[in-house]
Amino acid sequence: MAVKIPQMYGSLVFNDKVMRDKLPKDIYKALRKTIENHTHLELDVANSVAVAMKEWAVENGATHYTHWFQPMTGFTAEKHDSFITPVGDGQIIMDFSGKELVKGEPDASSFPSGGLRATFEARGYTAWDPTSPAFIKDGTLYIPTAFCSYSGEALDKKTPLLRSMETLEKEAVKILHLLGNTQVNGVSATIGSEQEYFLVDKKLFEQRKDLIFTGRTLLGAMPPKGQEMEDHYFGTLKPRVSAYMHELDEELWKLGIPAKTKHNEVAPAQHELAPVFDTANIAADHNQLTMEIMKKVADKHGMVCLLHEKPFEGINGSGKHNNWSLITNTGVNLLDPGRTPAENAQFLVFLMAVIKAVDEYADLMRISVATAGNDHRLGANEAPPAIVSIFLGDELTAVLQAIENDRFFDSQEKVQMETGATVLPHFFKDNTDRNRTSPFAFTGNKFEFRMPGSSLSVAGPNIILNTAVAEALRQFYKELEGTPQDQMLDAVKALVKRAVKKHKKVIFNGNGYTDEWVKEAEKRGLYNLKSTPEALPHFVDEKNIRLFTDHHIFTREEIFSRYEIWLESYSKTLRIEAKTLQSMISAQFLPTLTESMTKICASIKGKRETIAGISCGAEEKLLKDMADCYNKITDAKEKLAEDLLSAGKIQDKKEEAFYYHDVILKDMEDIRKIADKAEENIPEKLMPYPSYEKLLFSI
Ligand code: ADP
Ligand code: MG
């Protein structure tokens, strides 16, 4: 039976259409006003919405509701309550009130708060976010919420994202009005996040402690074939993968998630899914859901979906490209070059605001993607370097150069000059050449931030991007304020000229994977924050604290609490990895190595007993090599154990994170090098866990 996609799409979402159908007209209007203008929601409206929501949910099979939130773990959290309310005579009714809709009190004392709640209230509460629609999953009504402490500190990723969208909207509308574009009264950041992932067989996955506990392999020699043939990229989908992707699409569509593109990626067993973009808050919620559903559907198909940034050494890792733009409530993409000088002026202002933002807050952009997992990816010649730079393409770069140098711009007649009152060039949308090595690339009508790792919540990078661009727009506004309309284009040109001079150092159109770029970037004074411990401390630099507090994104306390949570999370991740490696080495790898050696000994003995004086040179050499590896691994393992003890004694969180990076990670790499070499000589059937070969090529 053919499934009717349009009917299925969004069928589990309490979306605008359902609201219009189910809510009394005045209530619907009041709710829309709250969603669009962020106005306060009256309790009688909430009550009315709650009744409609519950009825719709129960009709669609829901028995429970949950306040769904995004604590600092990077995952989502939920606690389910049923709708049932006893009415006294052994009967129940299905009940749901406005109060229950707007506010929840999960016992959330175990979520990371970076010390915030200790000093205030032990408990947090969740508050309904009406801008992201509720939905039904597994018989439960999910209500997207923000998670705060009683004194109002954000304990989650959604609250600051909403705050950043508000400040960006305010500054964008202000400057649009100043530029004479007065019809616009709303601007939203839009996000389309391309999601990469690996699929491995579940039975194989379950035999690997490292995948189970850390999401990545800590040991494993490269198979004879890796990704060198690049035959997987956009290749034909294998039937099992195709069936998986098909069901995944349907599950996402039911939840109103516009999954659009799917294909194989560069690495074997690697794939990608891209949705149609949406406003930032909804896109962030949708991406969290997408990751969850990816895992769930994989399980149904006997597979495991790996979202780690670097599941396999020597094979490309997975990223999450964050496509970002700005859209007005009149439907105009502000990063789309226009057709008239006025439109182009507007475009240039917003383009320059992004360039200025990324240049001035490159450290924050880098921090927003800094995790232990992503450290394996950035700068590994498969993903953008750790240096944040912007790719604009030759044409747009030439446009900016022309403005900077007061030259007329003319390129292959594709670009026309507007003469007359202004010297602003008139250019058309450029089919930007593709540069895959840039961390932040202009792609015609949006920017693509390529540094985020595959498992990251997109909230983090977009909080930074939104806020930094809001700040740039705020400064531009001040520069342009008071300019008469008839002089505005000239004023914009002068502003762009100043901004280009100041921020062109962040523009780089070349190959970001080369060593020359690293040197050049250093000369230009750009940050090169290679690892998470190196990057994170800049979060609390005064200029960054000022940015966040000026725009009411984070209070000083919230900034320090987040900094602490990230440092801790980094150290904890590495500690778990180190302990998993210890266990695999002690309980699996070394015993297997012993078994292999015993077999070789038996073979030598048997040969000698059969034929006296027979040469056993090859076996003896192998045995010696193996014994040598055994000793080296044992030494390295002991060093790791000692270093872990030392790590446990470090009090200062920054020092601890650096220690895990500089010492523990290095110990782990040392062990791996020896073990991966020894693995080549271990008979396949003795291996205690599946090899790379099996993991990567068995689906
Ligand atoms: P590519 O792999 O070439 O980067 P894809 O088609 O895989 O292209 O992904 C492009 C992504 O960019 C999609 O998720 C798409 O929805 C998103 N996108 C397109 N326009 C915008 C926009 N204006 N704002 C945000 N994201 C956008
Ligand atoms: Mg892309």
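Side chains are part of it too, since the values below use all heavy atoms of this structure and drop only hydrogens, waters and symmetry mates. All ligand and atom numbering here is 1-based and tracks the order in the structure.
For Lys300, the side-chain contact (heavy atoms from CB on, under 4.5 Å) partners two or more places apart in sequence, or in a different chain, are Glu247.
In summary, the side chains of Gln475 and Lys356 do present a donor paired with an acceptor at a separation below 3.5 Å, with no hydrogens or angles considered. For the 3.5 Å distance criterion, the side chains of Asp285 and Gln70 qualify, holding a donor opposite an acceptor. Side-chain N/O atoms of Glu471 and His551 include a donor and acceptor closer than 3.5 Å.
Distances below 4.0 Å separate heavy atoms of Glu448 from the following atoms of ligand 1: 4 (O). The atoms of ligand 1 that sit less than 4.0 Å from any heavy atom of Pro275 are 13 (C), 14 (O), 15 (C), 16 (O). Heavy-atom proximity to Asn333, at under 4.0 Å, picks out these atoms of ligand 1: 23 (N). Of all atoms in ligand 1, numbered sequentially from 1 with element shown, those under 4.0 Å from a heavy atom of Val276 are 16 (O). Near Arg436, the atoms of ligand 1 lying under 4.0 angstrom from a non-hydrogen atom of the residue are 3 (O). For ligand 1, the atoms closer than 4.0 angstrom to any heavy atom of Glu272 are 7 (O).
In terms of polar-atom proximity, defined here as any N/O pair under 3.5 Å, Asn445 makes no such contact with ligand 1. In terms of N/O distances under 3.5 Å, ligand 1 is not approached by Ser193. Considering backbone and side-chain atoms alike, Ala274 places every N or O at 3.5 Å or more from each N or O of ligand 1.
Across all non-hydrogen atoms, the minimal contact from Lys158 to Asp129 is NZ-OD2, 2.6 Å. The shortest non-hydrogen separation linking Ala353 to Phe476 is N-CE1, 3.5 Å.
Comparing His321, His263, Glu194 by heavy-atom distance to atom 4 (O) of ligand 1, the nearest is Glu194.
Going from atom OG of Ser11 over to atom NZ of Lys4 covers 13.5 Å, rounded to the nearest 0.5 Å.
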